[in-house]
Amino acid sequence: MAKLIPFLTLLVVLQVALQVLALRDLARQRSVTGNNKWVWAAIILLGGLLGPLVYFAAGRKE
Amino acid sequence: MSDGVAIQCLGLTKRFGSITALDRLDMAVPEGTVVGFLGPNGAGKTTTSSDYWSRSIRGGGEPSDAVRGGWAGTTTFGWGGSAPWPILPQPLADNSVITLVLLKKELTEHVRTYKLLIASVVLLAFGMATPLLLAYLPEILELSGDEIVVLVPDFTAADAVKSYLDSLGQVGILTVILVSMGSIALERERGTAVLVLSKPVGMGSFVLAKLLGLAALLATGLMAGALGFYWSTVALLGAPDAVAFVSANVLAGLYLLAVISVTLLFSSIVKSQIAAGVLALGVVLATALLVTIPVLEPYLPASLMHWAYGVNAGTEDSRWVALAVTGALVVACAIGAWRALQRQEL
């Protein structure tokens, strides 16, 4: 199990980094698709790795 | 230019759909003069000059009726001599150079909108996670009970590759549809496509640059995924057969390229990027059903994935026909997108 730890840590770091990047970007946007930032925040936080991908592909208007 | 006029146009009109960018413009510039061409954004400065260019070029060198004269003799643009119509420097007229310029713009956009980064990290993470699950499934099950453990075999690197190909068939498809669905649709919605296309740029170059840009994004993402996968698989399960792994990735990549081109086609037809994404996903799911029919299987791009599984399993199970169909599909989709854009006249 000890071998697993660096990989798991890196996975968590990668996912959190993407989520932080997406949330920071979301906060800076003047308007988003559907005009509801909370829905996008939920998608980013609950969507795991795919959440930020969906946000950057469909959420940003600019 | 006997009358000493270097540039002259009479009644030059240009419409983009319902927008009339140039409304019967009359203009004359005397020979040997320096002329400033000023106006606020959107006034039609570029449209004037590009429309002038394109008419002059399309007429096979002879200015059309609407446009007479040439840049000849104007010190403004540095065209000396006595050529009666504009002579473009060769590279500017070259479609492949225009495509390259647009491709560079595409790549910059992929970086600026974080699409390249996110898609690569997502594939990297899925690649890395695949062998983790397999390597520790027995131990995870051990935590939950006792008897089941006996039934779980020790997984090999080839099992991990198979599992990674499964991910590419799911997460990979979702990823490429998400990054390409807005490719053309968004540019049309925002009107930036008009900006690009009002320059003397062929729509063929426009579509080709989109396709190449997305292919580059796909290649980068696949490489990130493969590296993540290889790294953790070597550490946890041992090295997979490198040649088979690379070949399987190339085949999966070609299938994903087909998915991209279908998405691009929808992106050029429908207005909303979400609709384009849903339609593309619908087509992919439909072919996933069709590929289960044995008669159709050898012809569908989706069977490239079967070839990839076969390469990994070490069986000679090629699908050359499907490969040819995939190539034809990509070309057909690009031409379709090009024609769709031409019809809409933006």
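Here is how names work: the chains are called A, B, and so on, in the same order as the sequence lines, proteins then strands, and each is numbered from 1.
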Participant: Where on Thr175(B) is there a heavy atom nearer than 4.5 Å to chain A: the side chain, the backbone, both, or neither?
Facilitator: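 Looking at Thr175(B), backbone and side chain both touch chain A.
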Participant: Of all of Gly182(B), Ala119(B), Ser232(B), which one pairs up most often with chain A through heavy atoms under 4.5 Å apart?
Facilitator: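 Most heavy-atom pairs under 4.5 Å with chain A: Ser232(B).
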Participant: Is the shortest heavy-atom distance from the side chain of Tyr136(B) to the side chain of Leu8(A) under 4.5 Å?
Facilitator: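 The answer is no; the side chains never approach within 4.5 Å.
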Participant: Heavy-atom distances under 4.5 Å only: say whether Ala135(B) touches chain A with side chain, backbone, both or neither.
Facilitator: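 For Ala135(B), there is no contact with chain A at all, as no heavy atom is under 4.5 Å.
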Participant: Counting heavy-atom pairs under 4.5 Å with chain B, which one of Asp25(A), Leu18(A), Thr33(A) comes out on top?
Facilitator: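 Option with the greatest count: Leu18(A).
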Participant: Give me the atom names and distance for the closest heavy-atom approach of Arg60(A) to Thr113(B).
Facilitator: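 So the two residues come closest at NH1-CA, 3.7 Å.
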Participant: Can you see which heavy atom on Ala58(A) is nearest to which on Ile274(B), and at what distance?
Facilitator: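 Of all heavy-atom pairs spanning Ala58(A) and Ile274(B), the closest is CB-CD1, 3.9 Å.
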Participant: Could you give the distance from CG (Leu53(A)) to OH (Tyr114(B)), rounded to the nearest 0.5 Å?
Facilitator: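 So the gap between those two atoms works out to 15.0 Å.
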Participant: For Ala125(B) versus Leu14(A), what's the shortest heavy-atom pair and its separation?
Facilitator: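 Distance-wise, the nearest heavy atoms are CB-CD1, 4.3 Å.
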Participant: Decide yes or no on side-chain contact (heavy atoms from CB on, under 4.5 Å) for Leu50(A) and Leu178(B), but give the supporting numbers first.
Facilitator: CA-CA 10 Å; Leu50(A) 292 180; Leu178(B) 279 170; 5.6 Å; no
Participant: If I measure from the heavy atoms of chain A, does Leu124(B) come under 4.5 Å with its side chain, its backbone, both, or neither?
Facilitator: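 Only the side chain of Leu124(B) comes within 4.5 Å of chain A.
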Participant: Going by heavy atoms in the side chains, are Leu117(B) and Phe56(A) under 4.5 Å from each other?
Facilitator: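 A side-chain contact is absent here, since even the closest heavy-atom pair is not under 4.5 Å.
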